[in-house]
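Accompanying notes for the structure given below.
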Amino acid sequence: MGLAAVESNNGHEVEESTYQRGVKHLCEGGIERVPRKYVFPVSERPHLGTERSDVCCGGNWNLKLPVIDFAQLQGSNRSQVLEHLADAFEEYGFFQLVNHGIPSQVIEELRSVGRRFFELPYEERCKYMNLDMRSPVRCGTSFNQNKDQILCWRDFLKLSCHSLPQHLPSWPSNPSDLREVAANYSLKTKFLYLKLMEAILESLGVKEIAPKSMEDQENDWMAKDLENGSQIVMVNCYPACPEPDLTLGMPPHSDYGMLTLLLQDESVQGLQIHHGGRWLTVEPISNSFVVNVGDHLEIFSNGRFKSVLHRVLVNSSSTRISFASLHSLSLDSTVRPLPKLIDEANPRRYKDTDFASFLNYISSVGHKGKNFLDTRKLT
Ligand code: OGA
Ligand code: NI
């Protein structure tokens, strides 16, 4: 297509097929304006200017999320850290995890390979592009590029990680170290996820029962189900955007799984969470993970922990790359509120659900806000 087409329209209209090739490709064609297809209605725009001007303490509505120290969680301070963790999940649905024990080399290698993947020429990246949301390994753009009326300013590489022997052969072989580096990272984050779920179960009060009780059997079953659960590593690339106040890197959404472990770009902020009726920018802390509650954990905890809306802003100066490791149960398991958390004072708040019906839902209507979770609520 069309550098000519882009220029002749002053960057405001481009052929549909160009959008489908992703934002990176669009930017490489050279644009000075955001094409209409990416322009959000005024009420949904980030309002960068306004939010900045009506804050007292300089700059943005920034938020320092509660910090959970993983090393302390594994040590003698565990019960206190568990309380903080539960408070953070009740109040924000998010915390930042420090001292997580994943070697910085593993993380640096992942950051490097993610960057190099998106620097590949379009012809290389497009080998992995397809429009099937269910496909376990794919490159794509926006959120659900088939259905989104307005596209968001994001390209992604999705890598299904469970099980590795099953999926690894279809991961990109270029850059040549991608498979090894991302597989190593996925195993390390899976370990961390399982440890965090153990802590979460404990903080929900479902682990301290004497041996051989029904609950113990349930816990054993749970441990297996968590271990066999699905894991997706999503590499998100948000190219620098000529008019960042007109569009979003990701629209407001909640994550569908149990937990998400997110590696933010350390030098470029962009993640905002919805809290107290406002959008707050999460300040990146170096060498940490942003951990958040997904829809399945909200259901599982019978509403005690909140799957909170978040979105991503883009900016005019730098490309931002983030890595989200999304964890859930296996595709065929049912997600339901833990029986132990239901009683007369706390009636069941959600219907049973499963991953497959969620995937059907998002591929048919697109994923906007928390609408799937809303269909699961018993009110
Ligand atoms: C996600 C997400 C935030 C970010 O991948 O679901 O919310 O900062 N990512 O990229
Ligand atoms: Ni998310």
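Just follow the structure's listing: the first ligand is 1, and inside any ligand the first atom is 1.
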Do any nitrogen or oxygen atoms of ligand 1 lie under 3.5 Å from a protein nitrogen or oxygen, and which ones?
from     : atom 1 : to   : atom 2 : distance (Å)
ligand 1 : 5 (O)  : N236 : ND2    : 3.2
ligand 1 : 6 (O)  : H253 : NE2    : 3.2
ligand 1 : 6 (O)  : D255 : OD1    : 3.1
ligand 1 : 7 (O)  : H253 : NE2    : 3.1
ligand 1 : 7 (O)  : H310 : NE2    : 3.0
ligand 1 : 8 (O)  : R320 : NH1    : 3.1
ligand 1 : 8 (O)  : R320 : NH2    : 2.9
ligand 1 : 10 (O) : Y238 : OH     : 2.6
ligand 1 : 10 (O) : S322 : OG     : 2.6

*Under 6.0 Å between the ring centres of H327 and Y193?*
yes
*asked:* Can you confirm whether or not the ring centre of Y19 sits under 6.0 Å from the ring centre of Y38?
replied: yes
*Is there side-chain contact between V282 and Q96, with heavy atoms separated by less than 4.5 Å?*
yes
*Side chains of R336 and K351: does their closest heavy-atom pair fall under 4.5 Å?*
no
*State which residues pass salt bridge (Lys or Arg N to Asp or Glu O under 4.0 Å) with E266; sequence neighbours excluded, sorted by chain then number.*
R111
Donor-acceptor pairs under 3.5 angstrom involving side-chain atoms of residues 83-94: please list them, not counting sequence neighbours.
from : atom 1 : to   : atom 2 : distance (Å)
E90  : OE2    : R304 : NE     : 2.5
E90  : OE2    : R304 : NH2    : 3.0
E91  : OE2    : H275 : NE2    : 3.4

*Could you give me a count of protein N/O/S atoms that are under 2.8 Å from the Ni ion (ligand 2)?*
3
_Would R116 and D177 count as a salt bridge (Lys or Arg N to Asp or Glu O under 4.0 Å) here? Give the steps._
CA-CA 10 Å; R116 282 181 284 123; D177 54 342; 2.8 Å; yes
*Name the one of T189, L196, L262 that satisfies side chain to side chain contact (heavy atoms under 4.5 Å, CB included) with F289?*
T189
*L261-I285 co-clustered via ILVMFWY side chain contacts under 4.5 Å*: no
